[in-house]
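Order of appearance sets the numbers: ligands from 1, and atoms from 1 within every ligand.
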Amino acid sequence: MERREVGSNVSRRRFLRGLGAAGVVAAVPALAACGDDATEPVGQDTGPAGGGGSPAGGGGGEELAVGIMVPLSGTYASLGRDMINGFQLYLDEHGGQLAGRPVRIVEGETEANPEIGLRVARRFIEEERLPVVTGIVSSAVALGVRDLFDERQVPLIVSNAGANDVTRAQRSPVIFRTSFSNWQPAFSVGQWAAENLDVDTWFIIAPDYAAGHEDAAAFREAFADAGKEIVAEAFPPFGTTEDYQPFLSQIRQSEAGGVFAFFSGGEAISFVQQFRDFGLKDQLTLIGPGFLTDEGVLPAQGDAALGIRTSLHWTPLLDIPKNQEFTQAYEEAFGMQATVFSVQSYDAAQLIDLGLADYDGDLNEGAAVAEALAGVGELDSPRGPFRLDPDTHNPIQPFYLREVQEVEGAEGGLANAVIEELGEVRDPGA
Ligand code: BEZ
């Protein structure tokens, strides 16, 4: 990773504009820096998104039905909502069309459960014969459905789940990712910590499922040659842990100086609040992948999150016009802040729009549709321009070391400020 220090690269005025909060005075200069089960229907069909016109268009107006597999309940419910919103925003900005075709969105509720995810995927592929599917929050769900999409040659655009192997050993010509591999944010924050923090002993904590273990492994890898010590690790049960006290006791007893934590959604709120309430916040350094303090959880975490440093490929404070337009439009459309999950799903819609712009073949010829998607080139994302690795279909993109700081005008007064650019972080691949 190439990195360079950045100064005050985001004006507060622009940030406020992005948040639709004009007129508020800054306190801190900105910145540096389908409830589905066996009997329930899987898909909720939201109907054609309507007329208008996309600039792209090789489809001659034929309807394009896109499946979105997301959790709408449980720990990751808000992530699923954000992903639906992000996709919808892109559609709304393009007259309800992708690649010249009116779009019908079909929602499928997966929770974060691989069995439910597989049922949704089967229904989308075998019964509804949807030509393209996107979404998927959980690595466990992604790993569970990967073979089905590959075998049936149905294009899948993963817009969150970071399971490394989906774009490494188990990569497929029909599977794409507009988000990240779990390795990318975990390794980059680990490498930054190893090189920049005067903390020699670390504790790893993450939920006990694929993403938690992959994040822990990437953090360990970053520390392998750095002369730092990982003194202990804990993997609380995923989706059911509400009380982190037993794990916080372990952290205290370990006498580690720093904690690497991967949590997201409701678990990120609980962990960060309890870490403060247990008295560890003032004693230990807390870092992690950026989901720990993303905009969807930060207002609820409040001051408990202040000062936490994380690595991610986006923050609403990125000072680029595309991001300012996106965050403002999102806020206006949905009355809430955009999140990284909405960005990734917005870009999944963009990938379909641009990738299929010149495609005039049969939409159910999955291999041909995937080939068209693979040729998309650079995407102009709110995160900045990025491209997919031609071999793995995982994003090659810059990451940012962020710190939760007070920013008046931000929801709850807090935001993830960029304190260092970490440069392009490319997954090592298979
Ligand atoms: C995952 O399971 O891959 C994941 C879930 C939430 C945030 C980031 C990654």
Side-chain angles (χ1 to χ4, degrees), residues 69-84 86 110-118 134-146 156-168 170 175-189 205-219 235-241 260-272 287-298 301 310-315 339-345 347-348 383 394-395 397 399 402 416 425 427:
M69 300 174 58
V70 285
L72 295 170
S73 58
T75 309
Y76 290 160
S78 65
L79 285 63
R81 174 208 58 205
D82 296 350
M83 286 160 71
I84 289 173
T110 59
E111 302 175 25
N113 182 323
E115 283 170 27
I116 297 175
L118 193 55
T134 184
I136 307 188
V137 164
S138 157
S139 283
V141 172
L143 291 167
V145 302
R146 179 264 168 215
L156 169 65
I157 302 169
V158 176
S159 50
N160 186 64
N164 292 328
D165 265 358
V166 165
T167 52
R168 289 187 185 174
Q170 296 187 58
I175 298 180
F176 303 82
R177 183 147 54 193
T178 55
S179 49
F180 54 88
S181 70
N182 286 326
W183 184 89
Q184 287 174 302
F187 182 84
S188 57
V189 74
I205 183 162
D208 188 12
Y209 82 102
H213 289 282
E214 289 189 356
D215 276 73
F219 184 75
F235 295 94
F238 171 68
T240 53
T241 304
F260 167 87
F262 163 76
F263 289 107
S264 186
E267 293 189 339
I269 297 173
S270 304
F271 180 78
V272 166
I287 64 169
F291 319 107
L292 189 64
T293 60
D294 92 270
E295 285 60 38
V297 298
L298 200 46
Q301 291 169 334
T310 62
S311 170
L312 204 62
H313 48 293
W314 181 79
T315 153
T339 65
V340 70
F341 311 108
S342 43
V343 171
Q344 295 165 169
S345 191
D347 289 336
R383 76 189 86 173
N394 194 60
Q397 56 194 344
F399 275 70
R402 304 118 34 98
N416 286 291
V425 177
D427 187 274

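- Of the N or O atoms in Tyr209, one or more lie within a sub-3.5 Å distance of an N or O in ligand 1.
- Atoms of ligand 1 found under 4.0 Å from any heavy atom of Val137, numbered from 1 in the order shown, are 1 (C), 2 (O), 3 (O), 4 (C), 5 (C).
- Heavy-atom proximity to Asn182, at under 4.0 Å, picks out these atoms of ligand 1: 3 (O).
- By the 3.5 Å distance cut-off applied to N or O atoms, Ser139 is counted among the residues near ligand 1.
- Aromatic ring orientation, His313 versus Phe399: tilted (interplanar angle from 30° to 60°).
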Please step through salt bridge (charged side-chain N to carboxylate O under 4.0 Å, His left out) for the pair Arg383 and Asp347, ending with a clear verdict. CA-CA 10 Å; Arg383 76 189 86 173; Asp347 289 336; 2.8 Å; yes
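- Taking every heavy atom of Ser264 and a limit of under 4.0 angstrom, the matching atoms of ligand 1 come to 6 (C), 7 (C).
- Relative ring orientation between Phe219 and Phe260 is described as parallel, the plane-to-plane angle staying below 30° on a 0-90° scale split at 30° and 60°.
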Stepwise side-chain contact (heavy atoms from CB on, under 4.5 Å) test for Leu72 and Ile84: CA-CA 10 Å; Leu72 295 170; Ile84 289 173; 3.9 Å; yes
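- Any N or O atom pair closer than 3.5 Å counts here, and Ala211 shares no such pair with ligand 1.
- Under the 6.0 Å cut-off for aromatic ring centres, Phe341 and Tyr76 do not qualify, their centroids lying 6.0 Å or more apart.
- Below 4.0 Å from some heavy atom of Asn160 lie the following atoms of ligand 1, by number and element: 4 (C), 5 (C), 6 (C), 7 (C), 8 (C), 9 (C).
- Contact annotation for Phe238 and ligand 1: no heavy atom of the residue comes within less than 4.0 Å of the ligand.
- Close approach to Gly162 involves these atoms of ligand 1, each under 4.0 Å from a residue heavy atom: 3 (O).
- Exactly one residue among Gln170, Glu214, Gln184 makes a side-chain contact (heavy atoms from CB on, under 4.5 Å) with Asn164. That residue is Glu214.
- Every atom of ligand 1 is numbered from 1 in the order shown, and the set under 4.0 Å from a heavy atom of Ala161 is 3 (O).
- Residue Ile136 forms a side-chain contact (heavy atoms from CB on, under 4.5 Å) with just one option from Ile157, Thr110, Leu156, Asn160, and that option is Leu156.
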